[in-house]
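Worth knowing before you read on, the calculation uses all heavy atoms, side chains too, and leaves out hydrogens, waters and symmetry mates.
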Amino acid sequence: MKKKILIFLFVLVVAFSCFSPVLATNHPPRLIDNADLLTSAEESELLSALDEISERQKLDIIVVTVNSLNGKSPRAYADDYYDQNNYGFGSQKDGVLLLVAMETRDYYISTSGYGIRAFTDAGIKRIGDSIVNDLGDEDYISAFTTYAELCDDYIKKAKAGTPYDADNMPKGRYEVMQYLLISLVIGFIVALIVTGIMRSKLKSVRFKSGASDYMKKDSFMLTQSKDIYLYRNVTRRAKPKDNNSGGSSTHGSSSGRSHGGGGGKF
């Protein structure tokens with residue numbers, strides 16, 4: 001009896017081990033390069049990175065390239081592709097998809113489930129700004145690698161309770177240059193103050209602030225004066241709008257599921 005049970009268990013283990021690779025391959029590929037923008041080596045490298053980050057973070061990170069949108073808008077195409085191919089982790093279908101359409105030179109980032117929280121409107125815009133130059137320069141592997149790395153960082157921040165948003169953005173190269181410029185200006189002002197103090201200690205020459213200081217006493221007499229109103233200058237400025245409300249805006253796809261997202265041209 002024991003021997004039969006052992007044989008039965010052995011058969012189950014062998015059957016499961018043979019069946020498990022089939023289960024693993026049921027997930028749709030996270031890289032679909034229909035526009036043929038990448039070499040075989042680049043595809044393999046990028047797919048490995050997308051799979052590793054997705055499995056570790058439990059949130060699908062997908063790249064899809066196409067030649068044509070077939071009459072759809074970039075948003076509708078990206079949302080439908082995500083839904084129809086059953087991407088996403090868990091019941092909420094957590095994930096983010098980057099679509100690149102070559103015919104219209106569009107890119108669009110579609111988010112779903114927890115991806116909507118992790119990738120706010122401001123965060124999606126920053127990702128777009130980070131990849132648009134590489135897309136325009138046809139350096140596609142750099143653009144897609146940057147996208148994958150930023151997605152990993154965004155998910156980590158969201159899980160820590162502080163997703164990147166309008167009032168909580170990492171400092172990029174432009175911000176660093178701003179700080180350097182401000183530092184230079186402050187240094188220049190300090191230098192002016194120091195040299196001004198040093199100059200004030202020179203006793204032999206004094207600056208006269210008024211024209212009267214350079215006139216001989218009683219050499220000028222004003223006999224008449226009047227004020228003449230010439231013109232009026234009125235400046236009107238529009239009240240600035242609040243663009244830092246933050247958060248993620250959502251919309252419904254053709255399947256009725258909720259998505260966030262945003263995109264642009266390259």
Side-chain angles (χ1 to χ4, degrees), residues 30 46 49-64 74-75 78-79 82 87-100 106-136 142-186 237-253 257-266:
R30 295 183 175 96
L46 179 60
L50 294 173
D51 285 343
E52 189 279 324
I53 298 171
S54 299
E55 296 294 336
R56 173 165 46 84
Q57 297 285 14
K58 302 303 178 188
L59 189 147
D60 268 342
I61 302 171
I62 307 133
V63 173
V64 176
R75 186 177 83 176
D79 292 347
Y82 189 98
Y87 285 113
F89 273 82
S91 60
Q92 298 300 312
K93 299 296 182 181
D94 305 333
V96 55
L97 181 149
L98 169 63
L99 170 71
V100 172
D106 280 298
Y107 72 89
Y108 192 85
I109 298 172
S110 175
T111 59
S112 175
Y114 189 76
I116 297 174
R117 169 175 167 76
F119 300 88
T120 63
D121 293 347
I124 289 173
K125 182 181 183 304
R126 177 176 176 268
I127 293 177
D129 292 342
S130 299
I131 66 175
V132 68
N133 288 336
D134 284 335
L135 290 176
S142 293
F144 299 150
T145 300
T146 298
Y147 158 76
E149 291 173 347
L150 288 175
C151 285
D152 193 13
D153 184 34
Y154 274 48
I155 299 166
K156 289 177 183 176
K157 288 290 290 183
K159 288 182 176 180
T162 55
Y164 288 129
D165 207 343
D167 58 351
N168 177 38
M169 280 292 172
K171 298 295 184 290
R173 188 180 304 172
Y174 176 72
E175 288 85 353
V176 172
M177 292 300 295
Q178 279 187 317
Y179 286 131
L180 288 175
L181 181 60
I182 292 172
S183 299
L184 287 173
V185 171
I186 292 175
R237 295 179 181 174
K239 183 179 179 180
K241 297 180 180 179
D242 182 12
N243 294 321
N244 294 319
S245 55
S248 300
S249 57
T250 59
H251 57 270
S253 66
R257 284 173 47 187
S258 182
H259 286 267
K265 297 282 187 179
F266 63 91

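Residues passing the side-chain hydrogen bond (donor to acceptor under 3.5 Å, both in side chains) test with Gln92, sequence neighbours excluded: none. By the side-chain contact (heavy atoms from CB on, under 4.5 Å) test, Arg257 is found to be paired with Tyr82, Asp83, Lys93, Ser112, Ser253, Ser255, His259, residues two or more places apart in sequence or in another chain being considered. Remark: Asn133 pairs with no residue by the side-chain contact (heavy atoms from CB on, under 4.5 Å) rule, at least two apart or across chains. Partners of Lys159 by salt bridge (Lys or Arg N to Asp or Glu O under 4.0 Å), not counting sequence neighbours: none found. Scored by the side-chain contact (heavy atoms from CB on, under 4.5 Å) test, Thr120 finds Ala122, Asp165, Ser248 as partners (sequence neighbours excluded).
Here ring-ring contact (aromatic ring centres under 6.0 Å, His included) pairs that include residues 145-170, with residues two or more places apart or in two chains, are Phe119-Tyr154, Tyr154-Tyr164.
In summary, Lys125 and Asp129 engage in a salt bridge, as defined by a charged side-chain N under 4.0 Å from a carboxylate O.
Panel note: side chain Asp152, backbone Ile53; no donor-acceptor pair is recorded below 3.5 Å. Within the 3.5 Å criterion, the main-chain N or O of Leu97 finds no donor-acceptor partner in the side chain of Tyr87. Using modelled atom types, one side-chain atom of Thr111 and one backbone atom of Gly260 make a donor-acceptor pair closer than 3.5 Å. A donor-acceptor distance shorter than 3.5 angstrom exists from the side chain of Asn168 to the backbone of Pro163, with no hydrogens or angles considered.
Thr146 contributes atom OG1, which lies 10.5 Å from atom CD1 of Ile127 (distance to the nearest 0.5 angstrom). Residue Ile62 holds its CD1 atom at 11.5 Å from CG of Leu99, rounded to the nearest 0.5 Å. Put simply, CG on Leu150 and CD1 on Ile131 are 8.5 Å apart, with the number rounded to the nearest 0.5 Å. One finds the CZ atom of Arg30 at 5.0 Å from the CG atom of Asp51 (value rounded to the nearest 0.5 Å).
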(message) Run Gln57 and Asp94 through side chain to side chain contact (heavy atoms under 4.5 Å, CB included) and show every step you take.
(response) CA-CA 10 Å; Gln57 297 285 14; Asp94 305 333; over 6 Å; no
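Looking at Glu55 and Glu52, their side chains never come closer than 4.5 Å, going by heavy atoms from C-beta outward. Using a 4.5 Å heavy-atom threshold, the side chains of Phe144 and Leu135 count as touching. Within the 4.5 Å cutoff, the side chain of Ile155 has no heavy atoms near those of the Val96 side chain.
The two residues Gly115 and Leu59 make their nearest non-hydrogen contact at N-CD1, 3.9 Å.
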